[in-house]
Amino acid sequence: MNLFAHFQHNVRAAIDALAREGKLPQGLDLNRVMVEPPRDSAHGDLATNAAMVLAKSAGMQPRAIAQLVADRLVADPDIQSTDIAGPGFINIRLKASFWPKLLDAALAQGPQYGRSDMGGGEKVNVEYVSANPTGPLHVGHCRGAVFGDALAELLSRAGYAVAREYYVNDAGAQVDVLARSAYLRYREALGEDIGEIPSGLYPGDYLKPVGQALAFDHDKALLDMSEAAWLPIVRDKAVAMMMDLVREDLATLNIRQEVFVSEKSLHISGEVDRTVEDLRARDLIYEGRLPPPKGELPEDWEDREQTLFRATQFGDDIDRPLIKSDGSYTYFASDIAYSRHKILRGFSELVYVLGADHAGYVKRLEAIGAANAGNKDVKVIVRLCQLVKLFRDGEPVRMSKRAGEFVTLREVVEEVGSDVVRFMMLYRKNEAPLDFDFKKVTEQSKDNPVFYVQYAHARICSVFRNAGGLAESAEKPDFSRLVDEAELQMIRRIGEYPRLVEAAAVAHEPHRIAFYLYDLASDFHALWNKGKESPQLRFILGSDMQTSLARLALLRVIRYVLANGLGILGVKPVEEM
RNA sequence: GACCCCGUAGCUCAGUUGGAUAGAGCAACAGCCUUCUAAGCUGUGGGUCGGGGGUUCGAAUCCCUCCGGGGUCGCCA
């Protein structure tokens, strides 16, 4: 149960009743009436802004409305008292008897506590990583990969039907370069001395297995062919092997996207052609000239007439070219086809997770979506992930792209582990830059949030291991025995969880889960520490089995929430450390 | 030149989409514990939310403007 949603419903019902009785005007818009946790728990358990929000349309003083609503609410069997504060907040204090009910419900839901049907099964497409299939993933891909994956999981737990997707850029000039690089490795595999890899080609050793595979498959047959003949063969093999590599890299982070859409297939199947025809039929394409780009003028800039999409009609800054000077489609053209492809598959929300260097693409992606949607209601949501700066014990880790010295995703995961990478990538807002220190993130101390949260889970498991027969008791726990302030704080925190999941999903901000888990762990550790000072607050009391059972059941619920939240982030809830 | 992101305590960052007296963690300071539920605990100080203007009952949050930091800017992918 979501207690805020529950009481929000009750507050709105109270207002409706007052309107029926003529004490408030009829037909007030209650959409903005919210029930939220108060900033300061000293104010009570819940607060509503109803009076302030309705004051204007009701033509009444906020405090007068607040008085009416507050008086009505005290009749609610779960509400102890109400009071009015500040400009017209109604603070609500719940009866002590309410919290056991909340825990009963949470315990009954078990690992599902926090799941929501808010999304109503709406189809959401989350596209992330989509790195070029020209080599292994590097550390720069980490954040988007983890963010996209956690966001997809979050939306799924909030009731959306989510597809996790990867767009394979297997059609452009870069994969031709890949093919030429792999061809060299092929000749190398056949015993030829290829010397230095020429600049402009990919030098990495990861292409050697591609060369060997080509030699195995084709022996010397490719040597006598013209480039035009061997290139497609080599390219397909290289792309397939690179995508295997990418999938393996992602698997080290427990990321397994289920849909991989090939750009090339959009061309072959004619979808790009059809998309352009569609747009042309709707007069969204014209032949025209673009103004020269601002800033430094590219050397090969020429003012020429080209085929343009009316992106400005959908909010973009400039109309975008669809056809290159050599007559082939631009990348942008296949982008439109891909967006259309998603919409035709029934997605009503398209989420793109991109690196911050792609900020300039936001408007055109939105424009594409709007154009393809036509009169359908399709949301385009772009989330940008800022750079990750690597440190080792405070010293920046240098990377030189020219020398080919980049840190791969796999190196990072192998050094610190998937859980650490995932948690740390999410323990920051996505649009804020992130410092990642190899030493700090693996420290086993309270200062390391990954450890801090996982340790809370492990500690709970440890209590159950020590609880003996009590741990398996089938007796219904009597939660009314939990009356200490630290216990109540714990319960209130648990009560916030379902609302938090929904809010994080709406905002597309998985980091909120990470911060919540930290707070939850913090409450738990505080409770644990209180047991050190005050033995009567220990979880297992030899003298009082009923209280022990209630506390163990509370721990069970905390554990469900920790495991549930960590599950959204894709971090394992470890049982021992 | 245009557009996007960022600017909150000494440091690293949250801030529940416009709510109440702006919060954590480090660091600092002051105590406590030397134990068992291993990888400490409690408390204190610390702020012109980059500056200024506006919107309204109410702004760190929305709008305008300026300052500072980062990023991007036809046909590449």
Side-chain angles (χ1 to χ4, degrees), chain A residues 4 32 34 36-40 43 47 49 51-53 55-56 61-63 85-89 91 130-132 134 169-175 177 263 289-298 300-304 306 308 316-326 328 330-332 334-335 355-363 382 384 386-387 427-435 440 443-449 451-452 455 459-460 462-463 466 496 499-500 502-504 506-507 509 511-512 514-516 518-519 522 525-526 528-533 535 538-540 577:
Chain A
F4 300 97
R32 289 172 61 217
M34 300 293 181
E36 301 176 325
R39 177 160 301 222
D40 187 342
H43 293 137
N49 60 354
M52 280 118 57
V53 170
K56 189 170 277 182
Q61 291 295 326
R63 294 192 68 103
F89 283 101
N91 290 322
S130 296
N132 290 333
T134 54
N169 299 130
D170 53 1
Q174 301 222 11
V175 284
V177 173
E263 181 190 1
R289 292 168 189 276
L290 284 176
K294 303 289 183 190
E296 201 177 337
L297 206 62
D300 55 351
W301 156 264
E302 51 169 330
D303 186 22
R304 66 178 181 89
Q306 43 190 341
L308 299 170
D316 201 355
D317 300 319
I318 195 172
D319 289 337
R320 303 284 172 183
L322 295 174
I323 295 173
K324 290 191 268 190
S325 47
D326 68 1
S328 64
T330 61
Y331 180 82
F332 183 70
S334 39
D335 252 6
D357 54 337
H358 286 68
Y361 290 70
V362 176
K363 281 188 183 173
V382 184
L384 303 173
Q386 269 292 347
L387 292 179
Y427 197 61
R428 187 114 314 174
K429 247 185 326 199
N430 55 290
E431 68 262 28
L434 188 153
D435 293 345
K440 276 194 200 158
E443 252 170 35
Q444 299 241 322
S445 85
K446 178 177 179 297
D447 303 339
N448 179 356
F451 170 81
Y452 191 68
Y455 185 45
R459 260 183 166 172
I460 291 173
S462 144
V463 174
N466 293 328
E496 287 172 18
R499 175 176 183 271
L500 183 103
E502 292 185 352
V506 168
E509 291 183 347
H511 76 270
R512 293 193 195 191
F515 281 93
Y516 170 84
Y518 184 85
D519 290 339
S522 177
H525 289 306
W528 176 289
N529 288 324
K530 263 188 123 174
K532 275 185 169 177
E533 292 168 24
R538 292 181 167 220
F539 302 127
I540 301 167
M577 310 194 66

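Order of the sequence lines sets the chain letters (A, B, ...), proteins ahead of strands, with each chain counted from 1.
To the nearest 0.5 Å, atom OH of residue A:Tyr361 and atom CG of residue A:Leu384 are 12.0 Å apart. With rounding to the nearest 0.5 Å, the separation of CZ in A:Arg499 from CD in A:Glu496 is 8.0 Å. Between atom NZ of residue A:Lys446 and atom NE2 of residue A:His525 there is a gap of 8.5 Å, rounded to the nearest 0.5 Å. The CZ atom of A:Phe515 sits 6.0 Å away from the CZ atom of A:Arg428 when rounded to the nearest 0.5 Å. Between atom OG1 of residue A:Thr134 and atom CD of residue A:Gln174 there is a gap of 6.0 Å, rounded to the nearest 0.5 Å. Summarising the geometry, atom CZ belonging to A:Phe539 is positioned 7.5 Å from atom CD1 belonging to A:Ile460; distances are rounded to the nearest 0.5 Å.
A:Tyr516 comes within 4.0 angstrom of nothing in the nucleic acid, heavy atoms only. Among the protein residues, A:Gln444 comes within range of the nucleic acid bases, having at least one heavy atom under 4.0 Å from a base atom. A:Ser325 comes within 4.0 angstrom of a nucleotide base, judged by non-hydrogen atoms across all strands.
We find that CG of A:Asp317 is positioned 8 Å from P of B:C4, with the value rounded to whole Å. A:Leu290 places its CG atom 16 Å from the P atom of B:C73, with the value rounded to the nearest Å. Computed from coordinates, the A:Asp335 CG to B:C76 P distance equals 10 Å when rounded to whole Å. If you take CD1 of A:Ile318 and P of B:G74, they are 7 Å apart, rounded to a whole angstrom. Look at CD on A:Glu431: it is 8 Å from P on B:G7, rounded to the nearest Å. Remark: P of B:C75 and NZ of A:Lys324 are 10 Å apart, rounded to the nearest angstrom. Following rounding to the nearest Å, A:Asp319 (CG) and B:C73 (C1') show an atom-to-atom distance of 16 Å.
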Protein-to-nucleotide contact annotation, 5' to 3' order, nucleotides 12-22 of chain B [B base; S sugar-phosphate only; - none; under 4.0 Å, heavy atom]:
SSSSBB-BB--
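Annotation: B:G1 and B:G19 have their P atoms spaced 36 Å apart (nearest Å). Between B:A14 and B:A9, the distance separating the two P atoms is 12 Å to the nearest Å. Nucleotides B:C13 and B:A38, compared at atom C1', are 29 Å apart to the nearest Å. Between B:G47 and B:U34, the two P atoms lie 36 Å apart (nearest whole Å). If you take atom C1' in B:U35 and the same atom in B:A28, they sit 27 Å apart, rounded to whole Å. Between the P atoms of B:U21 and B:C49, the separation comes to 14 Å (whole Å). Nucleotides B:U12 and B:G74 place their C1' atoms 41 Å apart, quoted to the nearest Å.
Of the N and O atoms on the side chains of A:Glu263 and A:Ser334, at least one donor lies less than 3.5 Å from an acceptor on the other residue. Side-chain contact, A:Tyr516 with A:Arg512: no donor N or O sits under 3.5 Å from an acceptor N or O.
In B:U8 the base sits anti relative to the sugar, since the glycosidic angle is further than 90° from 0.
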Distances under 3.5 Å only, N/O to N/O: pair up the protein atoms with those of nucleotides 26-29 of chain B.
unit_1	atom_1	unit_2	atom_2	d
B:C26	OP1	A:Lys446	NZ	3.3

Identify each atom pair where a protein N or O and an N or O of nucleotides 34-38 of chain B are less than 3.5 Å apart, giving names and distance.
unit_1	atom_1	unit_2	atom_2	d
B:U37	OP1	A:Arg538	NH1	2.6
B:U37	O2'	A:Trp528	NE1	3.3
B:U37	O2	A:Trp528	NE1	3.2

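Stem analysis of RNA chain B (at least three stacked-register Watson-Crick or G-U pairs, each with both distances under 3.5 Å) gives B:1-7 with B:67-73, B:10-13 with B:23-26, B:28-32 with B:40-44, B:50-54 with B:62-66.
Using the six-membered ring where Trp is involved, A:Tyr427 and A:Tyr518 have ring planes that are tilted, between 30° and 60° apart. Taking the six-membered ring where the residue is Trp, A:Phe451 and A:Tyr455 present parallel rings, their angle staying beneath 30° rather than reaching 60°.
The side chain of A:Lys363 places no N or O atom within less than 4.0 Å of a non-bridging phosphate oxygen (OP1 or OP2) of B:A2.
Residue-to-nucleotide proximity on RNA chain B shows that, of A:Leu387 and A:Phe451, the 5′-proximal contact is made by A:Phe451.
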Anything under 3.5 Å between a donor and an acceptor, one on a side chain of residues 317-324 of chain A, the other on a protein residue two or more places apart or in another chain? List them.
unit_1	atom_1	unit_2	atom_2	d
A:Asp317	OD1	A:Lys363	NZ	3.0
A:Asp319	OD1	A:Ala311	N	3.1
A:Asp319	OD1	A:Thr312	N	3.0
A:Asp319	OD1	A:Thr312	OG1	2.7
A:Asp319	OD2	A:Tyr286	OH	2.5
A:Arg320	NE	A:Asp316	OD2	2.8
A:Arg320	NH2	A:Asp316	OD1	3.2
A:Arg320	NH2	A:Asp316	OD2	3.4

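Partners of A:His43 under the ring-ring contact (aromatic ring centres under 6.0 Å, His included) rule, at least two apart in sequence or in another chain, do not exist in this structure.
Ranking B:U56, B:A77, B:U72 by closeness to the A:Asp357 side chain, first place goes to B:U72.
Looking at A:Asn91, its side chain never comes within 3.5 Å of a backbone N or O of A:Ala47 through a donor-acceptor pair.
A 4.5 Å side-chain heavy-atom check between A:Trp528 and A:Val463 finds at least one atom pair inside the cut-off.
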List the steps, then state whether side-chain contact (heavy atoms from CB on, under 4.5 Å) holds for A:Met34 with A:Asn49.
CA-CA 6 Å; A:Met34 300 293 181; A:Asn49 60 354; 3.9 Å; yes
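Between the base of B:A39 and the side chain of A:Tyr452 there is no donor-acceptor pair shorter than 3.5 Å.
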